[in-house]
Amino acid sequence: MVKLPAIAAVIWVLAGLFGEPLRGQTDADRDRRLAELERKVRQLDPTYVPPAPPSAFDQRLQELERVVDRLLARSQQDRPTTDSQATASAFPATSEPPLQRVSVTSDYQASGEGETRLPVSGYMEAHFHKDAGQPGRGEFDRFVLLFGHSFSDRIKFWSELEVERALIEGGEEKGEVALEQAYLDFLIKPWLNFRGGMLLSPVGIINERHEPPSFNGVERPFVETLIIPTTWRELGVGLTGDLGRGFRYRGYVVSALDPTGFSAEEGIRGGRTGGFEAPFRNPAIVARVEYAGVRRMNLGLSGYTGVSSSELVNVTPRVSILSFDGRYNFRRIDFRGLFANSWISRSAQLNSRLEAVTGFNPNIGRQLRGWYIEPAVHVFPRRARNDLILFTRYEKYNTQHRMAPGYVPLPEFNRSSVVSGVTFKPTADIALKFDYVFNRNARSVIRPVNDLNLGIGWWF
């Protein structure tokens, strides 16, 4: 008899191959996870023979789903009836629902209405930083727990609770407890589904895919931190769907930014509300369209526009962002790149008003721009369980790319960085990272310092 806990573990791994939190995993990671899953299924069913190479990834996955369905049916038939189960059958209102089949192919047309409690998941990362000429410092950067629940085949819940920097003290910047995301999905059709709650803005690569094993480098890219303010979450509602032929989309109406948090150094990053007292007087619109119709290639186009507002100032600048990105894998070489441009209207009036309120001119730019390109090489062969990735990322970012008339850009905010390092993955869900960052700016007198970084991150 095949034990249900073993099958449940296999199903959870199946769900992880295409599930929401692991969208950022590379093709090499997915291939390794699939090979490991095939090995586990063979232990449960010695008669199972994986499709012969070069079978497509989807074909292998569908075959695994069929085998797991067969094992579930056999296990239910062989399962002995106990007194407690007999009692549950007599009182179905208080009994637990049977284990449900998990769809990993976005097939929302499954029949039946079963409630499924999903396992707790999460990710963590710890860092060590050493700036040139400064003592090193270590920090447990993030501890994140993810909770999911399936109320039925058509109503799903997902949430993410984050603790930053391991220490929380009232009013001091020692850390924070944050609700990263918490939303309900109402699944109607593959091409039309409703989503509402605390949402990650679908802009760029990292904002929705920021688990440590999903990107190279100890820290997230500078462009996707300053030009795109990752991690960026807002209250909102919207639509998601898979249009077929490799096209999928997400579009939300969300709370707008707070302009009092804008600055010359970090652009719009300080304007994120995190869903707390979020201004909805003029809600913003954010959307993303992705194309993954060619194997090992993913292209994305993201846009955002919204009128920022605050009771502190009577200036309401419109913020708009346009970003496009791409990822491509050729044999053992990965490429990824991104371009992002942000516009802030009425920046002169905003600077003037903030100076009148605070006594300090923030010198906020009218236009922000950044881009990066990152090639990476997988050293070990694809069939290996471990992975060693060598990478270099060049980033160019300027939070004062254009200024309003009468305002002068500061050269120290016209910056570039070269991040070179290595990522070692003993499994697809654990990443040990090392990188060295060469920082530069346009100022000729004071130069930014270089950084040495070590990190470990894992997903479970």
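Quick note: residue numbers are just sequence positions, from 1.
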Donor on one side chain, acceptor on other, [X] and [Y], under 3.5 Å:
X	Y	value
Ser201	Arg288	no
Glu234	Thr273	yes
His127	Asn453	no
Arg318	Thr305	yes

Distance from Phe186 atom CZ to Leu239 atom CG, nearest 0.5 Å?
12.5 Å
Can you tell me how far CZ of Arg415 sits from CD of Glu395, rounded to the nearest 0.5 angstrom?
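The CZ atom of Arg415 is 11.0 Å from CD of Glu395, to the nearest 0.5 Å.
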Under 3.5 Å, is there a donor-acceptor pair between the side chain of [X] and the main chain of [Y]?
X	Y	result
Asn351	Ile364	yes
Glu412	Arg443	no
Ser308	Asp258	no
Glu125	Pro212	no
Asn439	Asn450	no

So for atom CZ, which belongs to Arg137, do other residues, nucleotides or ligands contribute more than 12 heavy atoms lying within a distance under 6.0 Å?
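It does: Arg137 CZ has more than 12 such atoms within range.
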Show the numbers, then the answer: is there a side chain to side chain donor-acceptor pair (under 3.5 Å) between Glu224 and Tyr372?
CA-CA 9 Å; Glu224 296 201 70; Tyr372 70 80; 2.6 Å; yes
Examine Lys433 relative to Phe215 and say whether NZ or CZ is less than 6.0 Å from the centre of the six-membered ring and inside a 45° cone about the ring axis.
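So Lys433 does make the cation-pi contact.
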Please confirm whether the ring centroid of Trp191 lies under 6.0 Å from the ring centroid of Tyr249.
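Ring centroids of Trp191 and Tyr249 are no less than 6.0 Å from each other.
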Between the side chains of Asp185 and Arg195, is the shortest nitrogen-to-carboxylate-oxygen separation below 4.0 Å, so that they form an ion pair?
yes
So, are Arg250 and Glu290 salt-bridged, with charged N and O less than 4.0 Å apart?
yes
Worked verdict on Phe339 versus Arg369 for side chain to side chain contact (heavy atoms under 4.5 Å, CB included)
CA-CA 8 Å; Phe339 173 88; Arg369 177 172 294 180; 3.8 Å; yes
State which residue, out of Leu388, Leu390, Asp334, fulfils the side chain to side chain contact (heavy atoms under 4.5 Å, CB included) condition with His378.
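For His378, the side chain to side chain contact (heavy atoms under 4.5 Å, CB included) test succeeds with only one of Leu388, Leu390, Asp334, which is Asp334.
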Pick from Asn386, Leu432, Ile430, Asp387: which one makes a side chain to side chain contact (heavy atoms under 4.5 Å, CB included) with Lys425?
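So the option named by the test is Asp387.
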How are the rings of Trp458 and Phe140 set to each other: parallel, tilted or perpendicular (split at 30° and 60°)?
perpendicular
